[in-house]
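Reviewing the structure listed below.
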Amino acid sequence: MPAKKSGLEFSLQWPGDQEISSEIMKQVQSNYENLLASQVPGNDYLGWLDWPLEVESQLLERIEGRAKKIREEAELYVSTGIGGSYLGARAVIEALRPYGELKDNKPEIVWAGQNISGTYHAALLESMEQKDTHINVISKSGTTTETALAFRLLRQALEDKYGSREASRRITVTTSQDSGALASAAAEKGYEKFVIPEDVGGRFSVFTPVGLLPIAVAGIDIRDFLAGAAELAEKYRKDFEAARLPVRYAAARNQFYSDGGRVELFASFFPEFSRVGAWWQQLFGESEGKEGKGLYPATVDFTTDLHSLGQYIQDGPRHLLETLLSVKEPKQPLQVPATGEDEDGLETLAGRSFADINRQAEAGTRAAHLEGGVSVIDIKLQKLDPHNLGALLYFFMFSCALSALTLGVNPFDQPGVEAYKKNMNNRLF
């Protein structure tokens, strides 16, 4: 059986006579070569580059086995983490569920520790009282305030419900190999533990156990997901020309920024991509927003937000770059019904698919935005499945590293995040 291949396409449309300068392309090429040679700032966090190619089958078997156990026992699975500890998994799960990739929606998957809302977590505790529950807490240090607070709360609820021994069996930790509060707790309590690679940062961790366990619990084929990423990881290592798609994306973003652009919109007419946009937002926001530099990453859902932000996008300041993500082969054949009446003026659309109407809305919006002076980058998946989604996320990660390096910042640190933590902790402790 031939190996599956991802169908990823890229095109760039400027509203005027702009083009990517040769100087920026030279910078991107230099950064491409340095990235693959591990000669870049933050080079001790480059484990994600080859992880999809090198992940051990034994680890995948462990993840799949643990996920199978959770699926058999749990009505409710609580993934507890913040930022890169949950955004990637949630993006994949919520992109694929609507397309029927899963046999069922058991267990229900909910998220905790990504906020400090008492109301939110109190409602979660009520749900845990009524449903058989497993918890997965994800944190490299084990001391991130939001996640640690949630885990303290949820662990106590689990112990009250099942007793200490059974609660420990229902808790999985994804953390550092040996150091940190969670690693110590796992050793003491006997929690099942998966290791976060030390050379992979949170926002680049979706292909590690951080993302793979929740994705597997959702019933998604993690090997197919990894294969999509591995396909591009191998391809992009061949030569500069083989990496032309992430190269062009990184170059276009830097050209736009150097020309005075300041905001990039992640847009899609597919609501399945809403959480992919949230993951993308962290990826680029934390990687590039440093030293007074970087495009502001924002997300919009079309056509919904055309009725709120559409006016600003069309006629507001011309500092917007729109990255438009779509699927060439939607699976849902839903058609407009014929009613024999035309009170709503839509009878002429009877028999046409929603997918076709959505496609025309996308084409019309793209044309309007280009006419209005908005630069548009088109990224298209052949279809939305685990393999193509794995390829898409790897494409964005590789592009982001190149783009941030070309901007002149370290893609792999986040010094600004520590500022809020420090001030918050000074007020708490």
Side-chain angles (χ1 to χ4, degrees), residues 45 47-48 51-52 77-98 109-117 120 124 135-141 144-148 150-151 174-175 194 196-197 200-218 220 222 225-226 228-229 264-268 270-289 294 296-301 323 325 384 386 389-401 404 411-414 416-417 420-421:
Y45 282 94
W48 60 273
W51 177 270
Y77 169 77
V78 186
S79 180
T80 308
I82 195 168
S85 294
Y86 91 103
L87 285 169
R90 189 168 187 178
V92 174
I93 292 167
E94 296 190 15
L96 293 177
R97 274 185 184 267
I109 297 175
V110 297
W111 315 91
Q114 83 283 28
N115 63 62
I116 319 177
S117 166
Y120 180 95
L124 177 53
I135 294 172
N136 178 201
V137 57
I138 306 166
S139 172
K140 188 176 282 189
S141 69
T144 302
T145 302
E146 296 91 336
T147 302
F151 183 49
T174 308
T175 189
F194 291 94
I196 303 173
V200 178
R203 58 188 177 274
F204 290 86
S205 68
V206 66
F207 298 110
T208 75
V210 170
L212 293 181
L213 180 59
I215 291 169
V217 170
I220 296 167
I222 58 173
F225 175 64
L226 277 167
E264 180 177 9
L265 295 176
F266 178 98
S268 181
F270 293 78
E272 298 88 340
F273 286 133
S274 179
R275 288 294 173 176
V276 174
W279 171 85
W280 169 93
Q281 191 170 39
Q282 187 213 10
L283 178 68
F284 281 91
E286 279 196 351
S287 297
E288 291 194 323
Y296 180 81
T299 62
V300 288
D301 293 319
T323 293
L325 178 62
L384 181 49
L389 196 54
L392 177 72
L393 299 193
Y394 191 87
F395 161 81
F396 277 132
M397 287 161 55
F398 198 93
S399 302
C400 181
F412 309 114
D413 66 356
Q414 51 277 339
V417 176
Y420 101 83
K421 291 182 179 179

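What you are looking at is a predicted structure, and each value in this text was computed from that prediction instead of being measured. The figures here come from the full heavy-atom set of this structure, side chains too, leaving out hydrogens, waters and symmetry mates.
- Residues Phe207 and Val200 are not in side-chain contact: their nearest non-hydrogen atoms beyond the backbone lie 4.5 Å or more apart.
- Between the side chain of Ser287 and the main chain of Phe284, no donor-acceptor pair closer than 3.5 Å is present.
- Heavy atoms only, all atoms of each residue included: Thr299 and Gln281 are closest at N-NE2, 4.1 Å.
- Atom SG in Cys400 sits 11.0 Å away from atom CZ in Phe395 (nearest 0.5 Å).
- Heavy atoms of other residues, nucleotides or ligands lying less than 6.0 angstrom from CZ of Phe194 number more than 12.
- Shown here for Ile138 and Ser79, the closest heavy-atom pair between the two residues is CD1-OG, 3.7 Å.
- Although no hydrogens or angles enter the test, the distance criterion places no donor-acceptor pair under 3.5 Å between the side chain of Ser274 and the main chain of Pro271.
- Here the CD1 atom belonging to Ile215 is positioned 4.0 Å from the CZ atom belonging to Phe225, to the nearest 0.5 angstrom.
- What you find for Trp111 and Ala89 is that their closest heavy atoms are CH2-C, 4.2 Å.
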> Do Leu393 and Val276 pass the side-chain contact (heavy atoms from CB on, under 4.5 Å) test, and can you show the C-alpha distance, the side-chain angles, and the key distance before you say yes or no?
Replying inline: CA-CA 8 Å; Leu393 299 193; Val276 174; 4.3 Å; yes
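- Residues Glu146 and Ile116 come closest through the heavy atom pair CG-CG1, 3.6 Å.
- Atom OH of Tyr394 sits about 15.5 Å away from atom CG of Leu389, to the nearest 0.5 Å.
- The two residues Ala401 and Pro411 have their closest heavy-atom pair at O-CG, 3.8 Å.
- If you take OH on Tyr77 and CD1 on Ile135, they are separated by 10.5 Å, rounding to the nearest 0.5 Å.
- For the pair Leu212/Leu226, a side-chain contact is recorded, criterion being any heavy-atom separation below 4.5 Å from C-beta on.
- Atom OH of Tyr120 is separated from atom CD of Gln114 by 4.0 Å, given to the nearest 0.5 angstrom.
- With contacts defined as side-chain heavy-atom distances shorter than 4.5 Å, the pair Pro386/Leu96 qualifies.
- Taking CD of Gln282 as the start and CZ of Arg203 as the end, the distance is 6.5 Å to the nearest 0.5 Å.
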> Can you list the steps and then say if Thr174 with Thr208 is a side-chain contact (heavy atoms from CB on, under 4.5 Å)?
Replying inline: CA-CA 10 Å; Thr174 308; Thr208 75; over 6 Å; no
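- The nearest pair of heavy atoms linking Ile93 to Pro214 is CD1-O, 3.5 Å.
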> How far apart are the C-alpha atoms of Phe204 and Phe412, what are their side-chain angles, what is the distance that settles it, and do they pass the ring pair (Phe, Tyr, Trp, His ring centres under 6.0 Å) test?
Replying inline: CA-CA 9 Å; Phe204 290 86; Phe412 309 114; 5.3 Å; yes
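- Although no hydrogens or angles enter the test, the distance criterion places no donor-acceptor pair under 3.5 Å between the side chain of Thr144 and the main chain of Thr147.
- Looking at heavy atoms from C-beta onward, Leu384 lies in side-chain contact with Phe273 at the 4.5 angstrom threshold.
- For the pair Lys421 and Thr145, the minimum side-chain heavy-atom distance is 4.5 Å or more.
- The backbone N or O of Leu325 sits less than 3.5 Å from a side-chain atom of Ser268, completing a donor-acceptor pair.
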>> Run Phe266 and Trp280 through ring pair (Phe, Tyr, Trp, His ring centres under 6.0 Å) and show every step you take.
In response: CA-CA 8 Å; Phe266 178 98; Trp280 169 93; 5.2 Å; yes
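- In this structure, a donor-acceptor pair under 3.5 Å is present between the side chains of Thr323 and Glu264.
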